[in-house]
Amino acid sequence: MAGEEEPCPPLSKNAQKKLLKQQRYEVKKAEKKALLKEQKKREGERKRKEWEEKLAGATEEEKQQLIESRKCLRKERMDQRSDEKGKKMQRLTKAKENGQNVVIDLEFDHLMNSSELHSLVQQIMYCYAVNGRCSCPAHLWLTGCQGEMQAQLQRLPGFDKWVIEKENRPYIEAFQDQKERLVYLTADSETTLDVLDPKHIYIIGGLVDRNRWKGLTMKKAEDQGIQTAKLPIGTYLKMSSSQVLTVNQVVEILLKYLETGDWKTSFFEVIPQRKRCEGDNDIEQDEDTEGKDDHEIKIRDIELEEESEEKDDQGSKRQCIES
């Protein structure tokens, strides 16, 4: 019956090893995050001390010049960010009207543990940031957004301001009058996607560690009687393992294709080389450890960008009050 939780299959030895590796990684990640936080704090203290020393050794006239110069630099930076943010909002608003509809199906939260949910939230954050920077953004949807997944998303800085459709209902209800246009993207499909049809609504399964749930999205689409398709990866490159990609990789591939109209370019720019290199043992952990390596760095950059925007908004308010 709909709504009933499927029993979680027992973990294989390989999956247990991967889980242990993931847990070790989470510990290292927490340590690294604490170290970066401490380094950032020290750097802030160092800059503050330098500024105070510079002011202490200056005359009153020089102090005023230094302060005014600093205010101008800050205003210039805030104006630049405000301009970039305005252009991003224009692109995203335009995409809501005539952009390619891309849905992230969040109805699988009951099949994931807290670590996997956190990983998916990070992927969604990355999807939104990349879409905002894209010259030809898609119209992104989050459907079936409820429970713990919804709670974690709402804790993201600035999530309430995201230009994205947040739908509590499943996509099958949200698009009940457009069912014939729904296309579930799944590596298990026998249909290969040749081009992106602007009239179609492409669905990506929001699921981490799909190795435990092989064929799940395909079965769901078949039960609902909607179309399925797979990306034409095999036509352009040979994958080291399965052609199952993470949510953010699929979204970024679609965005690259919308920009270039070239699948080959899209695949080679997005799919990590370790997934394309034969005999690379690191591939096995890709599904569980999204957010690592280059993506972890990008996600951290996105977090800092969101924090900076929040600070700039606060700074603008203070500036208005002072004026």
Side-chain angles (χ1 to χ4, degrees), residues 88 91-92 94-96 99-108 116-145 149 152-153 156 159 162-167 171 175 182-187 189 193 195-198 200-210 217 221 228-233 239 243-272 275 286-287 289-299 301-303 305-306:
K88 179 178 80 171
R91 293 195 299 271
L92 293 175
K94 187 178 178 182
K96 287 186 72 171
Q100 181 73 64
N101 285 290
V102 177
V103 174
I104 300 176
D105 175 15
L106 301 179
E107 295 178 61
F108 303 108
E116 289 165 344
L117 281 173
H118 176 72
S119 177
L120 181 56
V121 168
Q122 296 289 293
Q123 291 179 47
I124 292 170
M125 180 169 67
Y126 181 66
C127 290
Y128 179 72
V130 171
N131 194 48
R133 294 170 182 171
C134 187
S135 61
C136 186
H139 183 196
L140 294 181
W141 292 70
L142 300 177
T143 62
C145 187
M149 172 57 67
Q152 288 203 30
L153 284 168
L156 292 177
F159 178 70
W162 283 16
V163 183
I164 191 172
E165 301 295 341
K166 305 160 190 173
E167 180 63 66
Y171 61 82
F175 298 102
L182 298 175
V183 181
Y184 213 118
L185 297 179
T186 169
S189 178
L193 191 65
V195 295
L196 291 180
D197 187 338
H200 282 165
I201 301 164
Y202 295 101
I203 306 163
I204 302 167
L207 187 61
V208 174
D209 195 4
R210 301 180 195 185
T217 53
T228 64
K230 63 182 176 182
L231 298 176
I233 298 173
M239 298 285 281
Q243 294 185 10
V244 177
L245 301 172
T246 55
V247 171
N248 59 288
Q249 286 170 346
V250 177
V251 169
E252 194 170 3
I253 286 169
L254 297 181
L255 293 175
K256 285 289 181 185
Y257 181 80
L258 289 172
E259 281 188 330
T260 65
D262 188 320
W263 284 119
K264 184 176 181 180
T265 299
S266 304
F267 293 141
F268 276 86
E269 286 193 19
V270 176
I271 299 176
K275 282 196 172 185
D286 281 346
E287 284 303 317
T289 57
E290 186 50 45
K292 300 179 185 179
D293 304 331
D294 52 340
H295 284 299
E296 182 182 346
I297 293 168
K298 289 176 183 176
I299 290 224
D301 288 343
I302 291 163
E303 288 175 341
E305 182 180 301
E306 295 287 351

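Every heavy atom of this structure was used, including side-chain atoms; hydrogens, water molecules and symmetry mates were not. For clarity, every value in this text was computed on a predicted model and none was experimentally measured. Residue numbers run from 1 in the order of the sequence given.
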Got a donor-acceptor contact below 3.5 angstrom from the [X] side chain to the [Y] backbone?
X    : Y    : result
K94  : P137 : no
E259 : S135 : yes
R91  : G132 : yes

Next on the checklist: Just to verify, which of I203, I204, T217 counts as forming a side chain to side chain contact (heavy atoms under 4.5 Å, CB included) with T186?
Outcome noted: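 Running side chain to side chain contact (heavy atoms under 4.5 Å, CB included) over I203, I204, T217 with T186 returns exactly one hit, T217.
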
Checklist entry - L120 and side chain to side chain contact (heavy atoms under 4.5 Å, CB included): which partner among L207, L153, T246, L106? => result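 Only match with L120 under side chain to side chain contact (heavy atoms under 4.5 Å, CB included): L106.
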
Atom [atom1] of [X] and atom [atom2] of [Y]: how far apart are they, to the nearest 0.5 Å?
X    : Y    : atom1 : atom2 : answer
F267 : L231 : CZ    : CG    : 5.0 Å
L140 : I124 : CG    : CD1   : 10.0 Å
H200 : L193 : NE2   : CG    : 9.5 Å
L185 : L245 : CG    : CG    : 10.5 Å
N248 : I253 : CG    : CD1   : 9.5 Å

Taking the side chain as every heavy atom from C-beta outward, state whether [X] and [Y] have any pair of such atoms under 4.5 Å apart.
X    : Y    : result
T260 : S266 : yes
L182 : Y171 : yes
V102 : Q100 : yes
M125 : W162 : yes
Y202 : D197 : yes
I201 : V103 : yes
F108 : M149 : no
L255 : V270 : no

Under the side chain to side chain contact (heavy atoms under 4.5 Å, CB included) test, which residues partner [X], sequence neighbours left out?
X    : value
Q152 : L117, H118, V121, E148, R155
A221 : Y184, I226, T228
E165 : K96, H139, W141

Next on the checklist: What I want to check is whether the side chains of Y126 and E252 have a donor and an acceptor closer together than 3.5 Å.
Outcome noted: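 E252 and Y126 do have a side-chain donor-acceptor pair below 3.5 Å.
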
Checklist entry - Of the non-hydrogen atoms in A95 and A138, which two are nearest, and what is the gap between them? => result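 Scanning both residues, the minimum pair turns out to be CB-O, 3.7 Å.
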
Next on the checklist: Cation-pi check for F268 against K256: NZ or CZ below 6.0 Å from the six-membered ring centre and within 45 degrees of the axis, yes or no?
Outcome noted: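 No - K256 does not lie over the ring of F268 by the 6.0 Å and 45° rule.
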
Next on the checklist: I'd like to know whether C127 forms a side chain to side chain contact (heavy atoms under 4.5 Å, CB included) with V247, so could you lay out the CA-CA distance, the side-chain angles of the two residues, the decisive distance to 0.1 Å, and finally the verdict.
Outcome noted: CA-CA 8 Å; C127 290; V247 171; 4.1 Å; yes

Next on the checklist: Between I104 and Y128, is the side chain to side chain contact (heavy atoms under 4.5 Å, CB included) condition met? List the steps.
Outcome noted: CA-CA 11 Å; I104 300 176; Y128 179 72; over 6 Å; no

